[in-house]
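Quick caveat, the model's predicted, so the values are computed rather than measured.
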Amino acid sequence: MGATAGYIAGAATAGPNYVTVLPCTPTVVPYGGVSYYGCSGTWYNRSYVNGSVTYVTVTPPPGY
């Protein structure tokens, strides 16, 4: 549930993009009880789609 809350709080206004595998070894930043995963300037929150782990693009956490 925490990942969903983070997605809602940090969702990009143009609509989210989903990936099932991150394109890098991410920088992990915990903020507000949610982990943000950073890859080359793109930030993701982990979520689940049909029971599978999925990463959703979001706006960066504060300070990034």
Side-chain angles (χ1 to χ4, degrees):
M1 183 175 218
T4 301
Y7 162 71
I8 293 167
T13 57
N17 291 317
Y18 301 90
V19 295
T20 55
V21 178
L22 290 174
C24 71
T25 300
T27 300
V28 181
V29 176
Y31 181 80
V34 176
S35 293
Y36 288 77
Y37 300 84
C39 286
S40 303
T42 301
W43 289 88
Y44 303 87
N45 283 144
R46 185 170 51 194
S47 186
Y48 293 91
V49 174
N50 296 326
S52 298
V53 173
T54 303
Y55 296 90
V56 181
T57 55
V58 294
T59 56
Y64 290 86

Inset, instruction - Determine, stepwise, if the pair Val53 / Tyr48 fulfils side-chain contact (heavy atoms from CB on, under 4.5 Å). - result: CA-CA 5 Å; Val53 173; Tyr48 293 91; 3.4 Å; yes

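Checking side-chain atoms of Asn45 against main-chain N and O of Ser35 turns up a donor-acceptor pair under 3.5 Å. Between the Thr54 side chain and the Tyr18 main chain, no donor and acceptor come within less than 3.5 Å of each other.
Note that the OH atom of Tyr37 and the CG atom of Leu22 stand 8.0 Å from one another [nearest 0.5 Å]. Annotation: the span from Trp43 atom CH2 to Thr27 atom OG1 amounts to 5.5 Å, rounded to 0.5 Å.
Tyr31 is not listed as a side-chain neighbour of Pro60, based on a closest heavy-atom distance of 4.5 Å or more. Side-chain contact between Thr20 and Tyr55: absent, with no pair of heavy atoms (C-beta onward) separated by less than 4.5 Å.
Closest of all the heavy-atom pairs between Gly38 and Cys24 is O-SG, 3.9 Å.
With hydrophobic clusters built from ILVMFWY side chains whose heavy atoms lie under 4.5 angstrom apart, Val21 does not share a cluster with Tyr36.
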